[in-house]
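Heads up: the structure comes next, in structure tokens.
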Amino acid sequence: MALPDPSEFAGSPPSSPTHAPVEIAEPLAPWGDRLFQAVTQTRSVVCVGLDPRADGLPGTLAVSEPRDHASLALAYQTFCMGIIDAVVGLVPVVKPQSAFFEQLGPAGMTALARVVDYARACGLLVIMDAKRNDIGSTAEAYAGAYLGQESAWRCDALTVSPYLGSESLQPFIERCGGTGSGIFVLVKTSNPGGGFLQDLVVEERPIYRHVASLVSELNLVTVGRFGYGAIGAVVGATYPRQLEELREVLPGCWILVPGFGAQGGAASDVAGGF
């Protein structure tokens, strides 16, 4: 694969994020099919997180002044592009965590836009980890902002919270159907405190099982030619028993499994997700 020149995406971040208009030649295949083909092509199910933090940058990119948002944003951009260069062709998808970029204001958002563009130019799928949702026109705006080639952010998928109810997911699902994009709904998250709500038993089932049933039902109508749909689930590697349980009740759903590595999840913990 001929990689794009990173210098085309570099430079001091401008005052506001901008994208050049993109001409769409033809509609994309459904997200479930696109991800299946990318996984098959790379022979990998690894999703690489792009989570830059000032105190974790290598020495060559260190910024001495934490309030120098422009310099930090450029360092984050360079760091993430370096990771992309290292993994392109080996993994199907990357997942930028928007919060670390948002923390830097406009300069950070411009850096995030450039990282997304660079990943796409390298042939990688992009899941934006922003955990968005709301109701009505606000949910429609979030969906329109992130999902699809014609959106402002041009992401392939987005993490979404379900806790405003099933109708809050509909704008995202409708957007997925027309743009070849997907969503990953928070079902059983990797953090220890998630059980405060997700493990509460209602009508003889924990809430995370109710959410999983909703995700499975919504996903059924989006299943493509390879047996997978556009509505996936987020289930943490830190809960291997629940991951195995949820794999059984989410047929045809892609499962995004955070918590592997730094949060303590091991390879044996992830196995139940398959």
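Note that the coordinates shown come from a computational prediction; the quantities given were computed from them, not determined experimentally.
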Using side-chain contact (heavy atoms from CB on, under 4.5 Å), reason through Met81 and Arg114 one step at a time and then give a plain yes or no. CA-CA 9 Å; Met81 287 181 180; Arg114 287 174 169 165; 4.3 Å; yes
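- Residues Ser181 and Phe172 have side chains not in contact (no heavy-atom distance under 4.5 Å, counting atoms from C-beta outward).
- Looking at every heavy atom in both residues, Ala237 comes nearest to Gly265 through CB-CA, 4.2 Å.
- Among all heavy-atom pairs drawn from Val116 and Cys155, the shortest one is CG1-SG, 4.4 Å.
- A 4.5 Å side-chain heavy-atom check between Ile83 and Leu50 finds at least one atom pair inside the cut-off.
- Counting only distance, with no hydrogens or angles, the side chain of Arg247 and the backbone of Leu250 share a donor-acceptor pair below 3.5 Å.
- From Leu220, atom CG reaches atom OG1 of Thr222 across 8.0 Å, with rounding to the nearest 0.5 Å.
- Residue Pro171 comes nearest to Gly136 through the heavy atom pair CG-O, 4.3 Å, listed as atom of the first residue, atom of the second, then distance.
- Between Leu90 and Ser44, the closest side-chain pair of non-hydrogen atoms is not below 4.5 Å.
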Is there a side-chain contact (heavy atoms from CB on, under 4.5 Å) between Ser216 and Val249 once you walk through the steps? CA-CA 7 Å; Ser216 182; Val249 300; over 6 Å; no
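- Cluster annotation: Val221 and Val211 are assigned to distinct hydrophobic clusters (Ile/Leu/Val/Met/Phe/Trp/Tyr, side-chain heavy-atom contacts under 4.5 Å, transitive).
- The distance from the CD atom of Glu204 to the CZ atom of Arg209 is 12.0 Å, given to the nearest 0.5 Å.
- Remark: the backbone N or O of Ile231 is paired with a side-chain donor or acceptor of Asn219 at under 3.5 angstrom.
- Using bins of under 30°, 30° to 60° and over 60° for the plane-to-plane angle, the ring pair Trp254/Tyr228 lands in the parallel bin.
- Note that CH2 of Trp153 and CG of Leu112 are 4.5 Å apart. Values are rounded to the nearest 0.5 Å.
- Residue Val126 comes nearest to Val93 through the heavy atom pair N-CG2, 4.2 Å, listed as atom of the first residue, atom of the second, then distance.
- Pairs engaging residues 29-39 under the salt bridge (charged side-chain N to carboxylate O under 4.0 Å, His left out) rule: Arg34-Asp156 [sequence neighbours left out].
- Side chains of Leu147 and Cys176 form a contact here, defined as non-hydrogen atoms less than 4.5 Å apart.
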Apply side-chain contact (heavy atoms from CB on, under 4.5 Å) to the pair Leu72 and Leu57, showing each step before the final yes or no. CA-CA 10 Å; Leu72 264 179; Leu57 293 171; 4.2 Å; yes
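- Although no hydrogens or angles enter the test, the distance criterion places no donor-acceptor pair under 3.5 Å between the side chain of Asp129 and the main chain of Lys95.
- In this structure, Asp85 and Tyr118 have side chains that are in contact, with non-hydrogen atoms separated by less than 4.5 Å.
- Checking Arg205 against Ser213 by side-chain atom types alone, a donor-acceptor pair falls below 3.5 Å.
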Run the numbers on Leu256 and Val234 for side-chain contact (heavy atoms from CB on, under 4.5 Å), then give the verdict. CA-CA 5 Å; Leu256 183 63; Val234 177; 4.2 Å; yes
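- Hydrophobic clustering, with ILVMFWY side chains joined whenever heavy atoms are under 4.5 angstrom apart, keeps Leu214 apart from Leu164.
- Surrounding CD of Glu203 are at most 12 heavy atoms belonging to other residues, nucleotides or ligands under 6.0 Å away.
- Taking OH of Tyr146 as the start and CZ of Arg175 as the end, the distance is 13.0 Å to the nearest 0.5 Å.
- A donor-acceptor distance shorter than 3.5 angstrom exists from the side chain of Thr159 to the backbone of Ala130, with no hydrogens or angles considered.
- Heavy-atom contacts from other residues, nucleotides or ligands closer than 6.0 Å to CD1 of Ile135 number 12 or fewer.
- The shortest non-hydrogen separation linking Phe101 to Cys80 is CZ-SG, 3.8 Å.
- Separating the CZ atom in Arg132 from the CG atom in Asp134 is a distance of 11.0 Å, to the nearest 0.5 Å.
- Looking at Asn133 and Tyr142, their side chains never come closer than 4.5 Å, going by heavy atoms from C-beta outward.
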Show me the donor-acceptor pairs within less than 3.5 Å that the side chains of residues 189-200 make with the rest of the protein, sequence neighbours left out.
| unit_1 | atom_1 | unit_2 | atom_2 | d |
| --- | --- | --- | --- | --- |
| Thr189 | OG1 | Asn191 | OD1 | 2.6 |
| Thr189 | OG1 | Gln198 | OE1 | 3.4 |
| Thr189 | OG1 | Gln198 | NE2 | 3.0 |
| Ser190 | OG | Gln263 | OE1 | 2.8 |
| Gln198 | OE1 | Thr189 | N | 3.1 |
| Asp199 | OD1 | Lys188 | NZ | 2.6 |
| Asp199 | OD2 | Lys188 | NZ | 3.2 |

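- No side-chain heavy atom of Leu169 sits under 4.5 Å from any side-chain heavy atom of Val215.
- The backbone N or O of Gly105 sits nowhere less than 3.5 Å from a side-chain atom of His69 that would complete a donor-acceptor pair.
- Within a 6.0 Å radius of CD in Glu244, other residues, nucleotides and ligands contribute 12 heavy atoms or fewer.
- Met128 is listed as a side-chain neighbour of Ser98, based on a closest heavy-atom distance under 4.5 Å.
- The two atoms that bring Gly144 and Ser151 nearest to each other are O-CB, 3.1 Å, heavy atoms only.
- Here the straight-line distance linking atom CD1 of Ile127 with atom CG of Leu35 works out to 7.0 Å at 0.5 Å rounding.
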